[in-house]
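Okay, so here's the structure we're looking at.
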Amino acid sequence: KNQVEQSPQSLIILEGKNCTLQCNYTVSPFSNLRWYKQDTGRGPVSLTIMTFSENTKSNGRYTATLDADTKQSSLHITASQLSDSASYICVGPSGNTGKLIFGQGTTLQVKP
Amino acid sequence: EAQVTQNPRYLITVTGKKLTVTCSQNMNHEYMSWYRQDPGLGLRQIYYSMNVEVTDKGDVPEGYKVSRKEKRNFPLILESPSPNQTSLYFCASSSVGLAGVGDTQYFGPGTRLTVL
């Protein structure tokens with residue numbers, strides 16, 4: 001069964017600290033994995049996409065990694081800011097269909 | 001401005017009263033999809049459409065209908081709403097790349113539905 005599982009479920013860090021969010025996926029065949037940021041009450045916004053040939057990709061203070069062997073992706077946030085407080089969602093297509101598999105998300109709270 | 005619009009943004013209704021939530025995108029995207037989001041459950045896909053007149057079920061299609069008669073519009077229909085359909089609904093659209101679905105999805109602002 002295609003699944004995307006994220007950890008931790010929630011995380012609290014102090015402003016300026018770094019953190020890493022995890023995503024384990026069992027989507028087959030694998031084509032890509034995408035990270036979204038969702039502010040409370042708003043629609044998700046894409047942060048980055050990881051394809052099979054990429055193992056690291058950065059978008060400002062966000063760096064995503066992909067390990068195709070262990071089927072794990074991580075999102076590393078550097079020098080966190082209060083505006084990073086949000087839910088972070090990992091998403092992958094379910095094979096060659098149009099279905100998308102969403103992780104349950106990690107809720108990050110950055111405190112001053 | 002490229003965007004996905006949803007209407008209404010907030011809706012309170014009663015059990016059994018048919019309703020439609022509209023979704024429109026101005027990016028000429030082939031792919032459109034509806035999701036519901038409930039606390040602790042994350043986003044779950046209701047229906048998706050790969051192109052005009054092509055729709056398919058997601059993970060939680062029961063109690064919902066959709067249609068795709070035009071490329072830009074993808075309405076979500078609740079024929080007989082029930083309280084367990086109280087949720088936050090998002091519509092999204094994307095292009096379809098060479099690898100199939102997976103291009104950036106653009107989400108609408110959400111519709112908060114309460115069924116009494």
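Quick note on labels: first sequence line is chain A, next is B, and so on, each numbered from 1.
- Only the side chain of Tyr35(B) comes within contact range of chain A, judged by heavy atoms closer than 4.5 Å.
- Note: the hydrophobic cluster containing Leu47(A) does not contain Tyr36(A) (ILVMFWY, side chain heavy atoms under 4.5 Å, direct or indirect links).
- Around atom CZ of Arg61(A), more than 12 heavy atoms belonging to other residues, nucleotides or ligands sit under 6.0 Å away.
- Neither the backbone nor the side chain of Leu33(A) comes within less than 4.5 Å of any heavy atom in chain B.
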Given the rule in the side chain to side chain contact (heavy atoms under 4.5 Å, CB included) test, do Phe90(B) and Gln38(A) qualify, once you have shown the distances and angles that lead to the verdict? CA-CA 12 Å; Phe90(B) 289 101; Gln38(A) 184 179 23; 3.5 Å; yes
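- Hydrophobic cluster membership is shared by Leu78(B) and Ile46(B), with clusters built from Ile, Leu, Val, Met, Phe, Trp and Tyr side chains linked at under 4.5 angstrom.
- Dense packing is recorded around CD1 of Ile77(B), with more than 12 heavy atoms of other residues, nucleotides or ligands lying under 6.0 Å away.
- In terms of hydrophobic clustering, with Ile, Leu, Val, Met, Phe, Trp and Tyr side chains grouped at heavy-atom distances under 4.5 Å, Leu116(B) and Tyr89(B) are assigned to different clusters.
- Within residues 106-114 of chain B, the residues having any heavy atom under 4.5 Å from a heavy atom of chain A are, by residue number, Phe107(B), Gly108(B), Pro109(B).
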Show the numbers, then the answer: is there a side chain to side chain contact (heavy atoms under 4.5 Å, CB included) between Thr104(B) and Arg34(A)? CA-CA 8 Å; Thr104(B) 298; Arg34(A) 191 178 290 274; 2.9 Å; yes
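- Side-chain heavy atoms closer than 4.5 Å link hydrophobic residues (I, L, V, M, F, W, Y) into clusters, and following such links, possibly through other members, connects Val91(A) to Leu88(B).
- The nearest pair of heavy atoms linking Leu100(A) to Gln45(B) is N-OE1, 2.9 Å.
- A single hydrophobic cluster is seen to contain both Tyr62(A) and Ile13(A), as judged by linkage of ILVMFWY side chains at heavy-atom distances under 4.5 Å, directly or through other members.
- Of residues 102-112 of chain A, those residues with a non-hydrogen atom less than 4.5 Å from any non-hydrogen atom of chain B are, in numerical order, Phe102(A), Gln104(A).
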